[in-house]
Undergrad: 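After the structure tokens below, expect a handful of questions from me.
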2 protein chains.
Amino acid sequence: MTAVELRRTDILHASAELFADKGVASTTVRQIAARVGVQSGALYHYFPSKSAIVREVVTTYLEQLKARYDEAAPRELDPRARLRAIVEVSLRTAEESPHATVVYQNELPNLRDDPDYRDAKKLADEAQQIWLETINDGKRTGVFREDVPTKVFHRFIRDAVWLSIKWRHPEDAYTTEDLTRDCLTIFLDGFAT
Amino acid sequence: MTAVELRRTDILHASAELFADKGVASTTVRQIAARVGVQSGALYHYFPSKSAIVREVVTTYLEQLKARYDEAAPRELDPRARLRAIVEVSLRTAEESPHATVVYQNELPNLRDDPDYRDAKKLADEAQQIWLETINDGKRTGVFREDVPTKVFHRFIRDAVWLSIKWRHPEDAYTTEDLTRDCLTIFLDGFAT
DNA sequence: GTCTATAGCCCGATAGAC
DNA sequence: GTCTATCGGGCTATAGAC
């Protein structure tokens with residue numbers, strides 16, 4: 001990695017942390033520069049604009065997520081195992097990249113129609129497609145119930161998984177493995193006795 | 001209602017809509033004024049600051065929500081019926097006040113330590129307490145499983161309910177009643193066959 | 001009670017020295 | 001490649017006329 005690439009990575013990490021904590025709109029390029037330890041003008045040698053930083057944070061994150069889904073949750077798996085793999089990969093990715101995860105969850109929905117984020121939107125759609133495909137395959141093979149719309153179940157479990165980043169603290173005794181297990185328990189078998 | 005009160009209400013409604021669409025930080029007082037049909041300076045005859053508008057949007061909303069919980073979900077109800085009532089009231093409130101709901105979900109988490117929002121935070125805590133109490137009562141009486149932490153189940157169902165405001169459109173054939181039913185089905189009985 | 005005008009500040013981004 | 005300095009503009013909030 002060249003010195004330039006290292007600095008770019010520094011900027012992306014500092015930005016992701018600030019964006020996650022206070023939102024993109026409330027984060028200034030001066031704050032990013034201060035976190036990295038340079039003056040704000042220096043950032044513009046690495047990125048053409050603040051918006052380009054946001055875009056790269058989200059796009060890099062989604063590329064990694066999509067690659068992990070493809071590897072860990074191939075279509076050959078039966079729907080239950082595939083759903084488990086998707087949940088595991090998602091929670092592991094959220095644990096590993098908590099800031100980018102928050103930025104993706106908080107900001108991408110509001111940026112859908114901005115052409116600058118077309119790549120990110122495309123990747124997010126592909127990732128979502130893997131969830132939907134899994135749920136529909138499970139309905140077709142009879143392991144999932146057909147009386148609840150795919151879209152509805154998807155939103156429920158998807159939000160449970162991704163928003164755990166906002167309430168679960170990594171130092172908790174309650175681990176990612178615990179969360180994965182409880183998530184699959186609730187969503188597949190229910191909370192009633 | 002006096003003319004002043006009517007104007008205040010206009011401002012609160014216009015603000016809630018803008019805050020929900022673009023976030024509080026990205027909404028300007030000029031945009032609020034334009035939506036109401038006055039100049040920005042005129043807003044300051046009704047509210048001392050932009051932040052006071054945000055505070056009143058959220059606090060008024062939460063007071064209404066809390067009152068509805070108290071009325072529709074008294075502790076005398078058995079836990080299953082009480083959970084159903086909470087979900088029903090929440091979804092009905094979200095449908096009726098979609099903008100304030102989004103503001104509450106999106107912005108309050110980031111404002112927790114701001115002393116300006118102490119009242120809102122207190123109301124939100126009281127509302128949350130009703131969910132937790134219901135879940136714990138259900139565990140004690142044996143209708144809910146005890147191997148999933150209360151906090152975890154609460155976050156799952158709470159997020160499913162509140163975030164539906166971001167994906168369900170009121171004009172959908174899929175109604176609030178459908179959503180209430182499917183939410184209780186999934187979270188109590190599970191998605192597996 | 002609403003207007004016009006603007007103070008005072010902070011923003012993203014740029015220019016040019018080193 | 002990073003600095004200092006600053007431009008042009010948008011922001012919240014205020015002042016004072018009507």
Side-chain angles (χ1 to χ4, degrees), chain A residues 1-59 103 106-108 110-111 114-117 120, chain B residues 1-59 103 106-108 110-111 114-117 120:
Chain A
M1 240 192 194
T2 69
V4 166
E5 285 167 345
L6 280 170
R7 189 65 112 179
R8 276 179 61 87
T9 311
D10 278 354
I11 295 169
L12 289 170
H13 279 76
S15 299
E17 193 174 335
L18 288 163
F19 292 159
D21 281 354
K22 329 189 303 163
V24 169
S26 302
T27 301
T28 71
V29 294
R30 286 171 172 84
Q31 290 168 336
I32 297 170
R35 188 70 67 98
V36 176
V38 297
Q39 292 298 317
S40 65
L43 294 185
Y44 289 84
H45 285 275
Y46 300 93
F47 297 93
S49 68
K50 173 183 170 183
S51 156
I53 301 179
V54 181
R55 196 164 54 245
E56 187 154 332
V57 165
V58 175
T59 306
V103 177
N106 283 351
E107 315 277 350
L108 198 59
N110 309 326
L111 302 169
D114 186 331
D116 281 2
Y117 293 86
Chain B
M1 241 193 194
T2 69
V4 167
E5 285 168 344
L6 280 171
R7 188 66 112 179
R8 276 179 60 89
T9 311
D10 278 354
I11 295 170
L12 289 171
H13 278 75
S15 300
E17 193 174 336
L18 288 163
F19 292 159
D21 281 353
K22 330 189 303 164
V24 169
S26 302
T27 301
T28 71
V29 293
R30 287 173 172 87
Q31 291 167 336
I32 297 171
R35 188 70 68 100
V36 176
V38 296
Q39 292 299 314
S40 65
L43 293 186
Y44 289 85
H45 284 277
Y46 301 93
F47 297 94
S49 68
K50 174 184 169 182
S51 155
I53 301 178
V54 181
R55 196 163 54 245
E56 187 153 331
V57 166
V58 175
T59 305
V103 177
N106 282 352
E107 315 276 352
L108 199 59
N110 309 327
L111 302 169
D114 187 331
D116 281 2
Y117 293 86

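Values below: all heavy atoms of this structure, side chains included; hydrogens, waters and symmetry mates excluded. Reminder, nothing fancy here: chain letters follow the sequence lines and each chain counts from 1. Worth saying up front: this structure is predicted, and the values here are computed from it rather than measured.
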Undergrad: Between B:R30 (CZ) and C:dA5 (C1'), how many Å, whole number?
TA: 11 Å
Undergrad: At under 4.0 Å between heavy atoms, what does A:T27 touch on the DNA or RNA strands: base, sugar-phosphate, or nothing?
TA: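 Sugar-phosphate contact only.
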Undergrad: Counting only N and O atoms by type, is there a donor-acceptor contact under 3.5 Å from the side chain of A:K22 to the main-chain atoms of A:E17?
TA: no
Undergrad: Please test A:V54 against A:Y117 for side-chain contact (heavy atoms from CB on, under 4.5 Å), starting from the C-alpha separation and ending with a verdict.
TA: CA-CA 9 Å; A:V54 181; A:Y117 293 86; 3.4 Å; yes
Undergrad: Rounding to a whole Å, what distance do you find between A:I11:CD1 and C:dG12:P?
TA: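 Taking atom P of C:dG12 as the reference, CD1 of A:I11 is at 14 Å.
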Undergrad: Measure NZ/A:K50 against P/C:dT14 and give the value in whole Å, please.
TA: 15 Å
Undergrad: Between D:dA15 atom C1' and B:Q39 atom CD, what is the distance in whole Å?
TA: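 Nearest whole value for this atom pair: 15 Å.
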Undergrad: In whole angstrom, give the distance that lies between atom CD of B:Q31 and atom P of D:dT12.
TA: 8 Å
Undergrad: Ignoring backbone atoms, test whether B:Y44 places a side-chain nitrogen or oxygen under 4.0 Å from the OP1 or OP2 oxygen of D:dA13.
TA: yes
Undergrad: Whole angstroms only, please: what is the CG-P distance between B:L43 and D:dA15?
TA: 17 Å
Undergrad: Looking at every heavy atom in both A:R8 and A:Y46, which two are closest together, and how far apart are they?
TA: NH1-O, 2.9 Å
Undergrad: I want to confirm an ordering. Mapping B:V4 and B:S40 to their closest nucleotides on DNA chain C, which one lands closer to the 5' end?
TA: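 Nearest-nucleotide comparison on DNA chain C picks B:V4.
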Undergrad: Would you name the heavy atoms of B:S15 and B:I32 that are closest together and state the gap between them?
TA: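 Nearest heavy atoms, B:S15 then B:I32: OG-CG2, 3.3 Å.
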Undergrad: How many Å lie between CZ on A:F47 and P on D:dG1, as a whole number?
TA: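 The answer, rounded to whole Å, is 14 Å.
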Undergrad: Taking any heavy-atom pair under 4.0 Å as a contact, classify B:S26: base, sugar-phosphate, or nothing.
TA: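 Contact class for B:S26: none.
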Undergrad: Which nucleotide in the list D:dT12, C:dG1, C:dC11 gets nearest to the side chain of B:Y46?
TA: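 It is C:dG1.
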